[in-house]
There are 2 protein chains.
Amino acid sequence: MARQDRSARRSHSESSLEPRLSRASVGRLSLYLRRLEEFQRAGIHRISSNRLGQPLAITDTQVRKDLAFLGRLGQPGIGYDVDDLIGSIRSTLGIDRCWSAALVGVGNLARALLRYNGFIERGFRIVALFDSDLRKVGQAVDDLTIYPVSRMKEIIATTGAELGILTVPASAVQNVADELVAAGIKGLLNFAPGLIRTRPGISVVNVDLTVQLEQLAFLVHLTSTEPLS
Amino acid sequence: MARQDRSARRSHSESSLEPRLSRASVGRLSLYLRRLEEFQRAGIHRISSNRLGQPLAITDTQVRKDLAFLGRLGQPGIGYDVDDLIGSIRSTLGIDRCWSAALVGVGNLARALLRYNGFIERGFRIVALFDSDLRKVGQAVDDLTIYPVSRMKEIIATTGAELGILTVPASAVQNVADELVAAGIKGLLNFAPGLIRTRPGISVVNVDLTVQLEQLAFLVHLTSTEPLS
DNA sequence: GGATGTGAACGACTTCACAGCG
DNA sequence: CGCTGTGAAGTCGTTCACATCC
């Protein structure tokens, strides 16, 4: 019983005939992009795979393999053009435009995310707030009003939000996710513990802070238990 | 030039003679643990790999492989004992005790983390706050006073904090990390973009929210670009 | 029958080695 | 000579298949 979820985990990335961009590669491209923008601001226009990967502890070969997905951008003997790379990574990752997000669950974490400059700097904008707590509904946070979950469909349609950020308790996550999807949301960033089931075509990225902390505890536990060789 | 950082990325996990717990496995063990605690609260004492993995979209084989690291805990034909598993995962991950953390950079994200119940529930306690902004120093957040970075060594020694949580701007991360390590901190949870260089023996886990959002944008971009087969 | 444990097959990702270009 | 691009080799992690035990 229950073996039909074999395909659920690859609800994205169908058709893997040609080498597809792996999740790890996408993450590294994000890192390269930030690094490249620093170089750009510093007025540097040419960069080698070695120098790009070094501060990130990524080998030059790995960098080249990642960048090879973007096409043939490097010049042997010379390196890569910083501006070209930036443009190419942005368009490949789909972040050569703004993304609007709706946020559900206006607690402390939500407020932190709202004021997090990193998102705005990189073209992500939170355009709508929802909360199921009726005492919060109507309140304003920064320049946004908190709406009741019942008006989700309407508000998301008018604001044109495409992404959903979930900062609700674990018990509410699946319901809220379903409603967001019903309202037309295409992707979910979930901060609550516990995975979300969605229909294919909807992307989900989970950020589980507790798991991260437990990873850290494990690593420290390990290095203090195992004597260093 | 600069090829000497080959070993830096495996600053943890030395001696890989026997099969070592991979990062992915550790993450999944965290997830199993939470799931198992739910079962425990529900009064369920026996669980199969199939039922444990199902809601997490993890195959039964994968679950068994992960649990095999803990020893021979399952009974063929029966399954696993929930209490045994919980105890074993906790001790393997090193979270069968409390961990104290010092937090540096008291902004919005820090306040959210301070009030995040998930940490306390799982035995993580934030015991000291630091900020380089002298206007914040002396202020109290919840029941903690914000100390200047200059008193880090002293305060960390008296509070016995072992982990450091960094919610400072990217430009300050490396400096703060160095000071935390000098003060005796063993592991760092870094929320700022950009990697940290540390000496071996110090563990680092990076949580880069922008990278996560960009991953999501890419996935949505991909599914909307590529026609579904 | 129902479940675990595990060697072997498989697949994905990373590194090596080197050809080739500027 | 420096640096990219890339097939080949290697490594790591996941899935399959099946022996085994309750």
Side-chain angles (χ1 to χ4, degrees), chain A residues 1-10 12-13 15-29 31-32 44-54 56-82 84-85 88, chain B residues 1-10 12-13 15-29 31-32 44-54 56-82 84-85 88:
Chain A
M1 46 125 103
R3 180 57 58 86
Q4 78 285 9
D5 55 6
R6 184 61 50 80
S7 63
R9 48 200 339 209
R10 41 200 322 270
H12 37 78
S13 89
S15 91
S16 51
L17 296 170
E18 50 181 288
R20 257 274 135 256
L21 217 39
S22 74
R23 243 176 208 231
S25 289
V26 173
R28 284 192 300 266
L29 285 175
L31 296 174
Y32 302 152
I44 295 166
H45 294 287
R46 214 147 48 194
I47 184 80
S48 72
S49 55
N50 193 338
R51 272 187 72 197
L52 183 54
Q54 204 176 308
L56 303 167
I58 299 172
T59 61
D60 51 348
T61 310
Q62 180 74 77
V63 172
R64 288 200 296 278
K65 272 280 203 292
D66 288 335
L67 297 182
F69 282 110
L70 310 175
R72 204 78 63 80
L73 277 79
Q75 269 192 297
I78 304 291
Y80 297 86
D81 181 274
V82 171
D84 282 2
L85 274 189
S88 190
Chain B
M1 50 131 99
R3 180 57 59 87
Q4 79 285 9
D5 55 7
R6 183 61 49 82
S7 64
R9 50 200 338 207
R10 41 201 321 270
H12 37 77
S13 90
S15 89
S16 52
L17 296 169
E18 50 182 287
R20 257 275 135 256
L21 218 38
S22 73
R23 243 177 207 230
S25 289
V26 173
R28 284 193 299 266
L29 286 174
L31 296 174
Y32 302 152
I44 295 167
H45 294 288
R46 215 147 45 196
I47 184 79
S48 71
S49 55
N50 193 337
R51 272 186 73 198
L52 183 54
Q54 203 176 308
L56 303 168
I58 298 171
T59 61
D60 50 349
T61 311
Q62 180 74 77
V63 172
R64 288 201 295 279
K65 272 281 204 286
D66 287 335
L67 296 182
F69 282 110
L70 311 175
R72 203 77 64 80
L73 277 78
Q75 269 192 296
I78 302 291
Y80 297 86
D81 182 275
V82 171
D84 282 2
L85 274 191
S88 190

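Keep in mind it's a predicted model, so treat the numbers as computed, not measured. In what follows, chains are A, B, ... by sequence order, proteins preceding strands, each numbered from 1.
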Polar side-chain contact Lys65(B)-dT15(D) base: donor and acceptor under 3.5 Å = yes
key: Atom-pair distance (CZ on Arg23(B); P on dT14(C)), nearest Å   = 14 Å
Sub-4.5 Å side-chain heavy-atom contact between Ile44(A) and Arg51(A) = yes
query = Which value, rounded to the nearest 0.5 Å, describes the distance between Asn50(B) atom CG and Ile58(B) atom CD1?
reply = 12.0 Å
Detail all sub-3.5 Å separations between protein N/O atoms and N/O atoms belonging to nucleotides 2-4 of chain C.
unit_1, atom_1, unit_2, atom_2, d
dG2(C), N2, Gly77(B), N, 3.2
dA3(C), O4', Gly77(B), N, 3.3
dA3(C), N3, Gly77(B), N, 3.4
dT4(C), OP1, Ser49(B), N, 2.7
dT4(C), OP1, Ser49(B), OG, 3.4
dT4(C), OP2, Ser49(B), OG, 2.6
dT4(C), OP2, Arg64(B), NH1, 3.4

key: Residue met sooner reading DNA chain C from 5', once Thr61(B) and Asp66(A) are mapped to nucleotides   = Thr61(B)
ask   = Closer than 4.0 Å, any side-chain N/O of Thr59(A) to the OP1 or OP2 of dT15(C)?
value = yes
ask   = How many Å lie between CG on Leu52(A) and C1' on dC3(D), as a whole number?
value = 14 Å
query = Below 4.5 Å, heavy atoms only, C-beta onward: do Leu21(B) and Leu29(B) meet side chain to side chain?
reply = yes
task = Please report the shortest heavy-atom distance between Asp66(A) and Ser25(A), naming the atom on each side.
result = OD1-OG, 3.0 Å
query = In whole Å, what is the span from the CZ atom of Phe69(B) to the C1' atom of dT6(C)?
reply = 12 Å
inquiry  = As a quick check of understanding, evaluate side-chain contact (heavy atoms from CB on, under 4.5 Å) for Leu73(A) and Ser88(A), giving each step before the final call.
reply    = CA-CA 9 Å; Leu73(A) 277 79; Ser88(A) 190; 3.7 Å; yes
query = Taking the nucleotide of DNA chain C with the closest heavy atom to each, which residue, Ser25(A) or Gly71(B), is nearer the 5' end?
reply = Gly71(B)
ask   = dC13(C) P sits how many Å from Leu67(A) CG, rounded?
value = 17 Å
query = Can you tell me how far C1' of dA17(D) sits from CD of Gln62(B), to the nearest Å?
reply = 16 Å
query = Which part of the nucleic acid, if any, lies within reach of Arg28(A) when heavy atoms closer than 4.0 Å are counted: base, sugar-phosphate only, or nothing?
reply = sugar-phosphate
message = My understanding is that only one of Leu85(A), Ile47(A), Leu52(A) makes a side-chain contact (heavy atoms from CB on, under 4.5 Å) with Tyr32(A); could you say which?
response = Leu52(A)
